[in-house]
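Because the structure is predicted, anything quoted here is derived from the model rather than measured. We count residues from 1, following the sequence as given.
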Amino acid sequence: MTATVDHKVDRAPAAPVRRRPRGFYGSSNGKKAVMAVTGAVLVLFLVGHMLGNLKVFLGADSFNHYAEWLRTVGSPALPNRTLLTIAEIGLTVAVVLHMWSAVSLARRAAKARPVKYAARVKPQAGGYATRTMRYGGVIILLFVIWHLLDLTFGVVNPKGGEAMPYDRVVAGFAPDRWWVTVFYVVALAMVGLHLRHGMWSALQTLGLAHRYKALKTASTVISAVLVAGFVAVPLAVMIGVVK
């Protein structure tokens with residue numbers, strides 16, 4: 001018989017896998033903080049933009065003067081559109097960071113829960129707004145693109161890009177273009193739902209959820225006021241109040 005000898009080989013323990021630190025933005029809390037900050041920037045922009053739009057009710061001269069002021073603010077110390085261009089770049093960066101953070105958080109949540117729950121639990125703070133955030137975001141993006149092509153650059157506006165801002169607004173929401181007004185109303189409703197849910201989520205991130213009812217009501221009121229202010233202009237043009 002041949003004897004078998006077991007040879008034991010000493011193996012060094014496997015070195016632990018080192019994960020690169022994610023950093024502040026790489027963490028979920030960091031992404032939520034970025035969403036909260038960029039969301040606040042966008043809300044401030046919406047408030048200012050709404051107030052500027054409402055100048056259309058003061059007449060063509062007032063609205064056109066406001067539009068001209070946006071292009072010339074800072075002049076003659078700075079060339080025309082300098083501050084406006086800086087603001088546009090800042091808004092673009094805020095939108096990109098906001099959207100990227102939202103997509104990253106959604107992907108991370110999906111990876112953390114690969115198997116769907118057998119019974120769906122209704123989100124406490126989201127409700128209908130939570131279920132429409134994804135599709136609402138697409139509608140809002142399309143709305144922004146159309147808005148720029150219509151009233152900013154005049155590419156799809158009946159008056160063209162050379163017309164005065166007031167004339168572009170009146171032509172853009174004329175009664176025979178009712179479908180444009182309908183699209184604006186639907187898109188702005190999505191903005192309101194997105195804004196309401198976003199403000200509440202930001203307040204949760206900041207640890208203010210203990211005042212749930214008051215803050216949720218405030219989010220709803222602010223969203224409703226902004227939507228009403230934006231919707232007032234196209235509806236006023238469509239029914240002939242602004243002409």
Side-chain angles (χ1 to χ4, degrees), residues 17-50 81-117 120-121 123-153 155 183-184 186-209 215-216 219-220 222-223 226-227 230:
V17 179
R18 295 183 179 180
R19 295 182 178 180
R20 295 179 60 185
R22 291 180 174 179
F24 176 74
Y25 183 71
S27 66
S28 295
N29 288 335
K31 294 180 185 297
K32 290 179 180 179
V34 170
M35 284 193 68
V37 173
T38 54
V41 171
L42 296 175
V43 170
L44 291 176
F45 163 73
L46 288 175
V47 172
H49 191 33
M50 180 197 70
R81 288 198 105 263
T82 298
L83 294 182
L84 181 59
T85 300
I86 293 174
E88 290 170 344
I89 293 173
L91 284 171
T92 301
V93 172
V95 169
V96 171
L97 287 176
H98 194 79
M99 294 178 63
W100 180 253
S101 298
V103 172
S104 298
L105 286 171
R107 289 179 175 176
R108 183 168 295 178
K111 290 180 179 179
R113 193 186 62 195
V115 180
K116 295 183 178 180
Y117 293 137
R120 290 190 176 184
V121 180
Q124 294 181 355
Y128 179 76
T130 303
R131 295 192 296 271
T132 58
M133 287 292 280
R134 180 180 302 176
Y135 304 104
V138 174
I139 293 175
I140 294 171
L141 179 60
L142 295 176
F143 163 71
V144 171
I145 294 174
W146 177 270
H147 181 73
L148 292 173
L149 293 176
D150 186 17
L151 300 180
T152 302
F153 302 111
V155 176
F183 173 56
Y184 266 63
V186 171
L188 288 168
M190 293 294 102
V191 170
L193 290 173
H194 195 97
L195 185 60
R196 174 180 174 273
H197 177 75
M199 284 192 293
W200 168 236
S201 297
L203 292 171
Q204 283 184 310
T205 301
L206 296 174
L208 301 176
L215 293 175
K216 189 172 184 179
S219 301
T220 302
I222 293 173
S223 302
L226 283 172
V227 171
F230 278 109

Taking ring pair (Phe, Tyr, Trp, His ring centres under 6.0 Å) as the definition, give me every residue that meets it alongside F153, ordered by chain and number, with sequence neighbours left out.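 Here no residue qualifies.
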Which residues pass the ring pair (Phe, Tyr, Trp, His ring centres under 6.0 Å) test with F143, sequence neighbours left out?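 H147, Y184.
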If we only count heavy atoms from C-beta on, is the V34 to W100 side-chain gap below 4.5 Å?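 Heavy-atom side-chain distance check fails, nothing below 4.5 Å.
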Point-to-point distance, once rounded to the nearest 0.5 Å, from [atom1] of [X] to [atom2] of [Y]:
X    : Y    : atom1 : atom2 : value
L193 : L188 : CG    : CG    : 11.5 Å
I140 : I145 : CD1   : CD1   : 12.5 Å
L91  : I86  : CG    : CD1   : 12.0 Å
L142 : F183 : CG    : CZ    : 5.5 Å

Applying side-chain contact (heavy atoms from CB on, under 4.5 Å), name anything that partners S223, two or more places apart in sequence or on another chain.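 S223: side-chain contact (heavy atoms from CB on, under 4.5 Å) contacts with L195, R196, M199.
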Please name all residues satisfying side-chain contact (heavy atoms from CB on, under 4.5 Å) with L105, sequence neighbours left out, ordered by chain then number.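 Partners of L105 under the side-chain contact (heavy atoms from CB on, under 4.5 Å) test: S28, K31, K32, M35.
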side-chain hydrogen bond (donor to acceptor under 3.5 Å, both in side chains) involving T152 - partner list, sequence neighbours excluded: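 Per chain and number, T152 pairs via side-chain hydrogen bond (donor to acceptor under 3.5 Å, both in side chains) with no residue.
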What residue pairs, at least two apart or across chains, pass salt bridge (charged side-chain N to carboxylate O under 4.0 Å, His left out) with a residue in residues 136-152?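 Applying salt bridge (charged side-chain N to carboxylate O under 4.0 Å, His left out) to every pair that reaches into residues 136-152, excluding sequence neighbours, yields D150-R177.
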